[in-house]
Protein chains: 2
Amino acid sequence: MDVSLLKSPLSREMPSGKREQTKIQNRQLILDAARQVFAELGYGATTVRDIIRATPLASGTFYNYFKSKEEVFQAIRDEVAIAIRPRLHEERMKANTVEEFISCTFRTFFEYVSDDRVNFHAIRHTADNTRIRMDTPEVIAGFEELRSDIESAIAKGLFPPIDADFLMAAIVGVAFELGERMLGREPHDPVAAAKFATALFLGGLRTLPYAVERGVNTGSA
Amino acid sequence: MDVSLLKSPLSREMPSGKREQTKIQNRQLILDAARQVFAELGYGATTVRDIIRATPLASGTFYNYFKSKEEVFQAIRDEVAIAIRPRLHEERMKANTVEEFISCTFRTFFEYVSDDRVNFHAIRHTADNTRIRMDTPEVIAGFEELRSDIESAIAKGLFPPIDADFLMAAIVGVAFELGERMLGREPHDPVAAAKFATALFLGGLRTLPYAVERGVNTGSA
DNA sequence: ATGAAAATTGACGAGGCGTCACGAGGGGGG
DNA sequence: CCCCCCTCGTGACGCCTCGTCAATTTTCAT
């Protein structure tokens, strides 16, 4: 009696039961298979069957974990968003100037994108010349956090009282688009991309670093 | 595939044969139905069958015109790109200063987006919280044209010798992302969006117009 | 050991996919 | 004006994927 009362509440902390373990494992199996298949066939062409075929599981099992391939895709994106969001927030919190706020945001983002090839390769190219962008709740939360950080910075007097929503959108747009371009260049140069974006936001066109070689930025205005 | 180019040399001028007419008509029937169905169900959930069902045609006929729903989507996007590209290019050609180059690019783009509700509504909302961006050859050509215009402007001394590729990407990113935000606000204010984007590119954060009301921009630094 | 709860399995009906043989009907030649 | 040819619309077909569900296996608690 005493034991059973103690055991069940305590066991909540550690989900080390066989049941929980295989559940976690199966989920990961599906996610890994999906990453691989998405990267190979492209998101559009991939079917749920393709994913489970790349797995020892049966077709029905898939639906115990995800509702559709969209949901798998979302989960993969969420992983990325969850990994990068705290880093960005933390960096921005440390910022004492506009320069730091902007530069650390871009630097952190581009470096993460450059590093985490697996996920981004799975997400990037889809079918011929189509690009997908899925704003999952986690990703949207990241956007909102950026906006809220901007608003805090405005309140602190760091930023002038500009439209935080538009500024957030502009940062997001530049980050994603420039990130894409950066991944298309060899070698990846997150620092150059961050320099470019930072200079753009801090001083506009006239302070952008000059191009010195084919598609590589250095120097400054 | 451009039908008019493949036709016999003489009939190029006037495709008034009954055959050519129904061909054009059927294509348009499919495109219109697709616009409607995409807007209703979202791109992801739409099937080729849904499109032809919204049409008096038979299922097989669809494949005489398009290979897949992706191709229909591309065709719709291409229409938009073809409509807007010459406008943008023309405006930029008239620009004598950096200010004009940037401001007319954004102004024209945002005004077009705000006006052409039909196509953008068909393209915008997809399934729950997913966004699709398809870079068709025409759209990519629009990007390339922007880059080439930037390069020309650099050659003319209008711009400093910055990385045209990155600048193009930044403009594209801000245009699409801010456009999305603009469409989410009521009423649409393409001028405010253009002002914001232009100020950002010309002078950076410090010259952005101040926010005076909930999500509406006026004034300047 | 045993029964209940939970999770996996794969077969199933529904329905979409792309194809193809057929037939209708434009269009050019006589 | 007619007729044949050839293009194009048609819808049924075989294949595949979808999401479900009853049966079965696995885990867990007693």
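Within every chain, numbering begins at 1; the chains are lettered A, B, ... in the order of the sequence lines, protein sequences first and strands thereafter. Note that this is a predicted model, so its numbers are computed, not measured.
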#### Entry: Residues B:R147 and B:D149 bridged, charged N to O under 4.0 Å
no

### Query
Which ones in residues 26-35 of chain A lie close to DNA chain C, meaning a heavy atom under 4.0 Å from one of its atoms?
A:N26

### Query
Using a cut-off of 4.0 Å between protein heavy atoms and nucleotide atoms, how would you tag nucleotides 10-20 of chain D 5' to 3' with B, S and -?
BBB----SBBB

### Message
Whether B:R85 and B:E145 form a salt bridge (side-chain N of Lys/Arg under 4.0 Å from carboxylate O of Asp/Glu) is what I want to check.
### Response
yes

### Main-chain N/O of A:Y43 paired with A:K69 side-chain donor or acceptor, under 3.5 Å
yes

#### Entry: A:F106 and A:F201 aromatic centres sub-6.0 Å
yes

### Task
State whether B:E111 and B:R87 are salt-bridged, where the test is any N-O pair (Lys NZ or Arg NE/NH1/NH2 against Asp/Glu carboxylate O) under 4.0 Å.
no

### Query
Should A:E70 and A:R77 count as an ion pair when the cut-off is N to O under 4.0 Å?
no

### Query
Between C:dG27 atom P and B:E20 atom CD, what is the distance in whole Å?
8 Å

### Query
Just how far is it from atom CZ of B:F143 to atom CD of A:E177, taken to the nearest 0.5 Å?
6.0 Å

### Query
Does a side-chain heavy-atom distance below 4.5 Å link B:F109 with B:F176?
yes

### Message
Nearest whole Å is fine: how far is D:dC8 P from B:R19 CZ?
### Response
6 Å

### Query
In dot-bracket notation, what is the pairing pattern of DNA chain D, taking Watson-Crick (N1-N3 plus N6-O4 or O6-N4) and G-U wobble (N1-O2 and O6-N3) contacts under 3.5 Å, with [ ] crossing and | for other strands?
||||||||||||||||||||||||||||||

### Message
In whole Å, I'd like the distance from the NZ atom of B:K18 to the P atom of C:dG27.
### Response
8 Å

### Query
Over how many whole Å does the gap from A:Q25 atom CD to C:dA7 atom P extend?
15 Å

### Message
Using whole Å, what does the distance between atom P of nucleotide D:dG9 and atom CD of B:Q21 come to?
### Response
14 Å

### Message
Closer than 4.0 angstrom, basic N to acidic O: yes or no for A:K23 and A:E20?
### Response
no

### Query
So what does A:Y65 touch, heavy atoms closer than 4.0 Å: a base, only the sugar-phosphate, or nothing?
sugar-phosphate

### Query
Are any of the side-chain nitrogens in B:D115 or B:R117 under 4.0 Å away from the carboxylate oxygens of its partner?
no

### Query
Is any side-chain N or O of A:K23 closer than 4.0 Å to OP1 or OP2 of C:dA7?
yes

### Task
Before accepting this row, confirm whether a basic side-chain N of the pair A:R185/B:D163 lies closer than 4.0 Å to the acidic partner's carboxylate O.
yes

### Task
Take the protein atom CD1 of B:I24 and the nucleotide atom P of D:dG9, then report the distance between them rounded to whole Å.
13 Å

### Protein-nucleotide distance (B:I52, atom CD1; C:dT19, atom C1'), rounded to Å
13 Å

